Student: 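One structure, as structure tokens, below. Some questions next.
Here the structure is a predicted model, which is why all the values come from computation and not from measurement. When a residue number appears, it is its place in the shown sequence, counting from 1.
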Amino acid sequence: MITVWISHWCVYTNSNRAARQALVDSMKKERLWQFADLVAASCFRRHSGLVNTVRVVNKFSVGGRGRHPIRLHHADELHAGGGLLQRRGFQAGSHLGFRRQLEVHAVRFRAGAGSGVRRSARQQVDLPHDYSITQKYSQSNEAESAYLPGGTGWYRKSFTIDRDLAGKRIAINFDGVYMNATVWFNGVKLGTHPYGYSPFSFDLTGNAKFGGENTIVVKVENRLPSSRWYSGSGIYRDVTLTVTDGVHVGNNGVAIKTPSLATQNGGNVTMNLTTKVANDTKAAANITLKQTVFPKGGKTDAAIGTVTTASKSIAAGASADVTSTIIAASPKLWSIKNPNLYTVRTEVLNGDTVLDTYDTEYGFRWTGFDATSGFSLNGEKVKLKGVSMHHDQGSLGAVANRRAIERQVEILQKMGVNSIRTTHNPAAKALIDVCNEKGVLVVEEVFDMWNRSKNGNTEDYGKWFGQTIAGDNAVLGGDKDETWAKFDLTSTINRDRNAPSVIMWSLGNEMMEGISGSVSDFPATSAKLVAWTKAADSTRPMTYGDNKIKANWNESNTMGDNLTANGGVVGTNYSDGANYDKIRTDHPSWAILRFRDGVRHPTAE
């Protein structure tokens, strides 16, 4: 598989360059040198041969096209040439199969043809990109959106797919688009995705022109009011293009469990793996899996465990789960002080031919949540000293720039922070990766609201939470009978279920606050979320931040009892000492997590 990372876009119009330079100058004046360098590097860098364009719709749209440099993560050489997926030296059946990691430093997008928008009105951009942050502040705009506008953005990318890739599968993957994304490929509408924070993908294969020009168009609609905080607008997280053989590991298709790690630590550790293998060809395929565990950044000859499965037949057009067990020899534990990481490499073989190679990052650790003694990591009691952190980067906007995220985490660690609650939505994958590497614990929150809009934000995700996915929507993994809430919850969990940093899934925040109408249906909604979460990942507890527990609402008590019965941790916001004493007396079996209080806000411990 080839995975093309579409990242680090810039705005190049003279007016925006001037604005960025002013921002850099002000940062340097305030001695914010690292951020100033970051802005200068990421926003003024030009790539040779780039011709980017932007279309303005409601004054806020983005796009472009042209050539781009590619940096490879593996040995095979690919080049941009005249198109995105032209290649040389790329052989089927090579030792890595058809799965590759490579990075595109800049990709071209242009607004839709026939729009009548003048070329002079277009701007040059790099992904990820936030089209709100570069607009003008106005007191007439909404305070919760930082007095910046939302609006509609159009992104367009034209590229050539090598003729020799005919027969392969091609997908586009978005880590996050805010919000209401609609995707077209070669004039065909593939589908929509409303939530602004969860990952989603579309298969491009059926409409691809191999040997010809292809065009991806993405429409983004941030209709205000849509958020209680600054959300940004646009394709503000990484985008990847993936090319695989017809038989391949499914997207985020490997799940790893080590149920006996606590008792086996220091010796041989049993790893139970479930791998989803897809057969997108027209014939049944007999496959075996070879799976190897070795230190991240190392080589397979330093492997601590490997297994080859028995042959399995997968029907044409079907997917199947393949289970396997690896005995890992004395793996080093992942911890706050020593965040040891491993790579689990999965190779899909047909005979001696490698069809696909898929790497999964993993860390060996176990956690405990006890109503009396609290949280423990690898058998040692740990107090969670945390922050509730929103996704934006301040004056840099919502763009998920890895170095900016990494710098945030480094500063927090210097403050003594050991945990982050992703407030109040799924994090960018970059944050999860950084926390894996630096030993920071994560409570990954999935929703701020459930099926009610909050604070009068009539365009927030509440309007989509309970809606089912349309039958003609080709979003991968979506079912027309499935609600968006289930889809977005599951896609987030599937992406991060192997991350050692993630210790809990938070299903909501103050869900019954800032809304109107009865909340009698909320216990049933909570029960659905709990069931969906357990089905997707049974290795971590669930929680939420409920500010009605302190008021002893019946709905809160019912939800807390159900959460506890399913191994969850009850999170309470703004409770004081007297509240905690009462909660403990009334609910002695509850494990309680303090998310927020009036003394040390924000905190989680």
Student: So, using salt bridge (Lys or Arg N to Asp or Glu O under 4.0 Å) as the criterion, who are the partners of D479 when residues are at least two apart?
Tutor: none
Student: Looking at CH2 of W334 and CG of N340, how far apart are the two atoms once the value is rounded to the nearest 0.5 Å?
Tutor: 10.5 Å
Student: Any side-chain hydrogen bond (donor to acceptor under 3.5 Å, both in side chains) pairs touching residues 181-191, not counting sequence neighbours?
Tutor: N186-N214
Student: Output, in order, the C-alpha distance, side-chain angles, deciding distance and verdict of side chain to side chain contact (heavy atoms under 4.5 Å, CB included) for I432 and V502.
Tutor: CA-CA 8 Å; I432 303 300; V502 178; 4.1 Å; yes
Student: Please evaluate residues D203 and R169 with respect to the criterion salt bridge (charged side-chain N to carboxylate O under 4.0 Å, His left out), reporting the C-alpha separation (whole Å), side-chain torsions for both, the decisive distance (0.1 Å), and the verdict.
Tutor: CA-CA 8 Å; D203 191 330; R169 307 297 300 184; 2.7 Å; yes
Student: Could you pull out all residues at least two apart from W484 that satisfy ring pair (Phe, Tyr, Trp, His ring centres under 6.0 Å)?
Tutor: H193, F487
Student: Please tell me if the side chains of E444 and D496 come closer than 4.5 Å, counting only heavy atoms from C-beta onward.
Tutor: yes
Student: With the side chain counted from C-beta on, respond yes when N180 and N222 share a heavy-atom pair under 4.5 Å apart, and no when they do not.
Tutor: no
Student: Show your working on side chain to side chain contact (heavy atoms under 4.5 Å, CB included) between V218 and I235 and close with a plain yes or no.
Tutor: CA-CA 9 Å; V218 182; I235 306 177; 4.1 Å; yes
Student: Before giving the answer on side chain to side chain contact (heavy atoms under 4.5 Å, CB included), spell out for D162 and F210 the whole-Å C-alpha distance, their side-chain angles and the decisive distance to 0.1 Å.
Tutor: CA-CA 6 Å; D162 194 303; F210 295 93; over 6 Å; no
Student: Would a 4.5 Å heavy-atom cut-off, applied to side chains only, mark N268 and T270 as touching?
Tutor: no
Student: Of all residues at least two apart in sequence or in a different chain, which pass the side chain to side chain donor-acceptor pair (under 3.5 Å) check with T275?
Tutor: Q291
Student: Decide yes or no for L289 and S324: does some side-chain heavy atom of the first lie under 4.5 Å from some side-chain heavy atom of the second?
Tutor: no
Student: Test of understanding: with salt bridge (Lys or Arg N to Asp or Glu O under 4.0 Å), list the residues that count as partners of R365, not counting sequence neighbours.
Tutor: none
Student: Does the side chain of K312 reach to within under 4.5 Å of the side chain of T309, using non-hydrogen atoms?
Tutor: no
Student: Partners of F174 by ring pair (Phe, Tyr, Trp, His ring centres under 6.0 Å), sequence neighbours excluded?
Tutor: F200
Student: Distance only, no hydrogens: is a donor on one side chain within 3.5 Å (strictly under) of an acceptor on the other, for S198 and T492?
Tutor: no
Student: Taking the side chain as every heavy atom from C-beta outward, state whether N350 and V247 have any pair of such atoms under 4.5 Å apart.
Tutor: no
Student: Hey, is the main chain of A315 close enough, under 3.5 Å, to the side chain of N279 for a donor-acceptor pair?
Tutor: yes
Student: Partners of S538 by side-chain contact (heavy atoms from CB on, under 4.5 Å), sequence neighbours excluded?
Tutor: K257
Student: For a 4.5 angstrom cut-off between non-hydrogen side-chain atoms, does V293 reach M271?
Tutor: yes
Student: Measure from the side-chain N and O atoms of D356 to the backbone N and O of V249, and report whether any donor-acceptor pair falls under 3.5 Å.
Tutor: yes
Student: Report the residues that fulfil ring pair (Phe, Tyr, Trp, His ring centres under 6.0 Å) with Y197, sequence neighbours left out, ordered by chain and then residue number.
Tutor: Y178, Y195, H391
Student: Starting at NE2 of H129, measure out to OH of Y236 and round the result to the nearest 0.5 Å.
Tutor: 14.5 Å
Student: Of all residues at least two apart in sequence or in a different chain, which pass the salt bridge (Lys or Arg N to Asp or Glu O under 4.0 Å) check with K296?
Tutor: E361, E437
Student: Please tell me whether E459 and S226 have a donor and an acceptor in their side chains that are separated by less than 3.5 angstrom.
Tutor: no
Student: Tell me every residue that passes side-chain contact (heavy atoms from CB on, under 4.5 Å) with A278, counting only those two or more places apart in sequence or in another chain.
Tutor: H248, D280, S319
Student: Taking everything shown except K528 itself, do over 12 heavy atoms lie less than 6.0 Å from its NZ?
Tutor: no
Student: Check whether the side chains of N173 and T242 place a donor and an acceptor atom closer than 3.5 Å, and report yes or no.
Tutor: yes
Student: Nearest 0.5 Å, what's the OG1-NZ distance between T343 and K299?
Tutor: 14.0 Å
Student: F364: which residues meet the ring pair (Phe, Tyr, Trp, His ring centres under 6.0 Å) condition with it, sequence neighbours left out?
Tutor: Y342, Y362
Student: Using the side chain to side chain contact (heavy atoms under 4.5 Å, CB included) rule, take E445 and N425 through it: C-alpha gap first, then chi angles, then the decisive distance, then the call.
Tutor: CA-CA 5 Å; E445 198 147 78; N425 47 258; over 6 Å; no
Student: Do Y461 and D448 meet the criterion of a side-chain donor-acceptor pair at a distance under 3.5 Å?
Tutor: no
Student: Hey, could you give me the CH2/CE distance between W464 and M179, rounded to the nearest 0.5 Å?
Tutor: 8.0 Å
Student: Under the rule for salt bridge (Lys or Arg N to Asp or Glu O under 4.0 Å), what residues qualify as partners of R163, not counting sequence neighbours?
Tutor: none
Student: What do the steps show when you test T300 against T292 for side chain to side chain donor-acceptor pair (under 3.5 Å), and what is the final call?
Tutor: CA-CA 7 Å; T300 55; T292 308; over 6 Å; no
Student: Are D175 and R495 packed together at the side-chain level, in the sense that at least one heavy-atom pair is separated by less than 4.5 angstrom?
Tutor: yes
Student: Minimum heavy-atom separation for N498 to R540, with atom names?
Tutor: C-NH2, 4.1 Å
